[in-house]
Structure formats: C-alpha cells, structure tokens
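In what follows, a structure is listed as structure tokens, so that the remarks can point back to it.
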Amino acid sequence: MTKLLISGCNGHMGRVVADICAEDPDVEVAAGFDLLGAGDRPFPVFSSPAQFTGQADALIDFSSPAALDGLLDFGKDKKVPLVLATTGYSEEQIAQISDAAQVIPIFRSANFSLGINVLLDLVKKAAAVLGGGYDVEIVERHHNRKVDAPSGTALMIADAAAQALPYEAHYVYDRQSVRQKRDPHEIGISAVRGGNIVGDHEIIFAGRDEVIELRHSAMSREVFASGAVRAAKFLSTVQEPGLYDMGAIVS
C-alpha cells in the first residue's frame, strides 16, 4: 500500500487526485494540505505540511508556487519524496528544487499526461529530421482561469524542439511590437485563453509547400492527475535522491 499526501487537496486538481486514489486499491491518502481547511475531505487536512506527524511514501503537489518553500522543507526534514505538478515556478525556485533533489527524490514535470510526453519524443524526431528548412510554431490553448502564459507544457515542447534543431533557437512570444520578417531561427509560441479548455497544444513545422502538424488535446484533467499518481507510485520505490521526470515513466 502506497501512502500519499496531497498538497492543495481542496483545489480542483487536488480533488481529482483524491478521487483517483480512492479508486486505487494500492493507494491510501494519509492526509492533505490546504489553507482552506478540512472541508468535506475524507482524510485529515492540515493548513501546513509541518503539522503532519505521520508516515507517507510520497507527496503530490497541485497547489501554488507560493507553497514550494514549505514543501521542500517538509520533504527534506521527513525524507518524503515530492511530486511537483505545479507550474509557474521562477528561476530561483527551479534552482531550489534542484538543490533539494540532492537530498530527496523529486519528480517534476510541467505536464503529467503520458500522451504529451510521447509527443515530446515525436517533436524531437521531427525537428532533427526537418532541420533548418522548416519554421517551428507552437500554439497552446487553455481555460480562462489559467494565470501563466505560455504554459509550462508549451515551453517543454519548445525546449524539446530546440534540443534537436541544428541551430540555436530563440523563443518569440510577441510580434506586435516589432515589424520585421520572421527570423528562421526563432520558435514562435502563442497562448490562447478561453472557456473551459483543459489543454490543447499544437506544434507546426511549416516548410516550402508543406506543413506538418503534431497535436495533443487533453479531454479532462484526469489525465494529469492519473500521471501524478503514477509518478508518486514510481517515486515511492526510488531510493536515490535526484530529479526525475515523465521520461522515467515513458521509458
């Protein structure tokens, strides 16, 4: 039995994670953390990780970048592996995560969908084969409540393409302020916010007389929660500190 903690348990994603755990006979939610209190959760809820004194095999966080310091302190103090599914971290926070990963196992990804991570491999292959002869554009669409733009997943896709391209690419987010021809070494990233779109990512390789498009659409948030629970199960078996991502699950 894998005992999990859920940070942000009263949020939308936290509730989906809890529902998935409730249907999994191999998983038990030991407790949750949320500033809003217990609410209607069927497990103990604490306002701070420091208040939890029990045992757990891993922690899943779908909350806010503001919670990171407390989670890293808790993970290091209690030797509890962390699954960080929150996006919007600053560069300083990413450095803090890397430092903490020298002490405990940390699983971090901007997108826990298995399909997205298969897509990343396809993007790398396409970029390597098509090379410098095709313009690369990324369009991401999300619901109107999402606060960060571009999405962490869009940046993951851009990074995957950039690794395989034969030139040093730079990212362009806004063309309105500059009137000039498109630089062939740029990767354009556009963000759309509207309605209740769960997550839609499109990668366009536009060449002379042909266009190749790769696309992933998430139909519900359950794909992200399922991936996070899968990552927590994996992390509960890991003995060595380090920084892990969905590549470990895909492989």
Side-chain angles (χ1 to χ4, degrees), residues 13 84-89 91 94 107-178 180-228 230-231 244-251:
M13 286 304 301
L84 301 180
T86 297
T87 59
Y89 291 123
E91 291 186 7
I94 292 174
F107 198 111
R108 176 177 173 261
S109 177
N111 192 307
F112 280 81
S113 159
L114 189 62
I116 276 289
N117 286 275
V118 172
L119 179 69
L120 293 176
D121 286 340
L122 297 176
V123 169
K124 291 177 184 177
K125 182 174 183 180
V129 172
L130 300 176
Y134 289 70
D135 297 325
V136 183
E137 292 285 323
I138 298 169
V139 180
E140 57 98 343
R141 305 173 182 88
H142 284 87
H143 52 86
N144 54 23
R145 301 178 308 282
K146 187 171 179 62
V147 296
D148 55 316
S151 68
T153 302
L155 294 175
M156 284 175 60
I157 294 170
D159 290 345
Q163 291 172 17
L165 289 170
Y167 53 80
E168 185 174 350
H170 62 278
Y171 303 164
V172 173
Y173 308 101
D174 175 29
R175 294 194 178 91
Q176 179 182 0
S177 58
V178 179
Q180 64 183 29
K181 186 175 69 171
R182 186 188 194 280
D183 186 335
H185 289 176
E186 75 180 48
I187 295 178
I189 305 177
S190 302
V192 177
R193 296 289 176 267
N196 62 347
I197 302 171
V198 174
D200 190 20
H201 294 84
E202 182 180 6
I203 307 90
I204 304 165
F205 293 89
R208 183 180 178 87
D209 299 327
E210 67 175 352
V211 175
I212 298 100
E213 297 181 6
L214 301 173
R215 181 172 177 174
H216 177 273
S217 295
M219 311 311 288
S220 78
R221 291 177 176 81
E222 187 170 322
V223 296
F224 311 128
S226 295
R230 186 183 295 115
Y244 301 86
D245 58 28
M246 286 299 289
I249 303 296
V250 173
S251 62

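Between Y134 and I212, the shortest heavy-atom contact is CE2-CD1, 3.6 Å. Closest of all the heavy-atom pairs between V198 and A218 is CB-O, 3.4 Å. F112 and A231 get closest at one heavy-atom pair: CE2-CB, 3.8 Å. Of all non-hydrogen atoms in A191 and A149, the two that sit nearest each other are CB-CB, 4.0 Å. The two atoms that bring A158 and I189 nearest to each other are CB-CD1, 3.9 Å, heavy atoms only. Taking all atoms of both residues into account, the shortest heavy-atom contact from T87 to A110 is CG2-O, 3.8 Å.
The salt bridge (Lys or Arg N to Asp or Glu O under 4.0 Å) check on R215 picks up D200, with sequence neighbours excluded. Partners of E222 under the salt bridge (Lys or Arg N to Asp or Glu O under 4.0 Å) rule, at least two apart in sequence or in another chain, do not exist in this structure. Every residue meeting the salt bridge (Lys or Arg N to Asp or Glu O under 4.0 Å) condition with R193, not counting sequence neighbours, appears here in chain and number order: E140. Under the salt bridge (Lys or Arg N to Asp or Glu O under 4.0 Å) criterion, E202 pairs with R141, not counting sequence neighbours.
Test D135, I138, V172 against I187 for side chain to side chain contact (heavy atoms under 4.5 Å, CB included) and you get one pass: I138.
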### Task
Start with the C-alpha gap between I204 and V211, add the side-chain angles, then the distance that decides, and say whether side chain to side chain contact (heavy atoms under 4.5 Å, CB included) holds.
CA-CA 7 Å; I204 304 165; V211 175; 3.7 Å; yes
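With rounding to the nearest 0.5 angstrom, the CZ atom of R230 is 5.5 Å from the CG atom of L114. Distance check: M246 CE to M156 CE gives 8.5 Å after rounding to the nearest 0.5 Å. Atom CG of N111 is separated from atom NE2 of H201 by 6.5 Å, given to the nearest 0.5 angstrom. Rounded to the nearest 0.5 angstrom, I203 CD1 and I157 CD1 are separated by 4.0 Å.
In this structure, N196 places its CG atom where only 12 or fewer heavy-atom neighbours from other residues, nucleotides or ligands lie under 6.0 Å away.
For residues 112-131, the side-chain hydrogen bond (donor to acceptor under 3.5 Å, both in side chains) pairs, not counting sequence neighbours, are S113-H216. Pairs of residues two or more places apart, or lying in two chains, that qualify as salt bridge (Lys or Arg N to Asp or Glu O under 4.0 Å) and include a residue from residues 142-170 are K146-D148.
Under the 30°/60° scheme for interplanar angles, the aromatic rings of Y167 and H185 are found to lie parallel.
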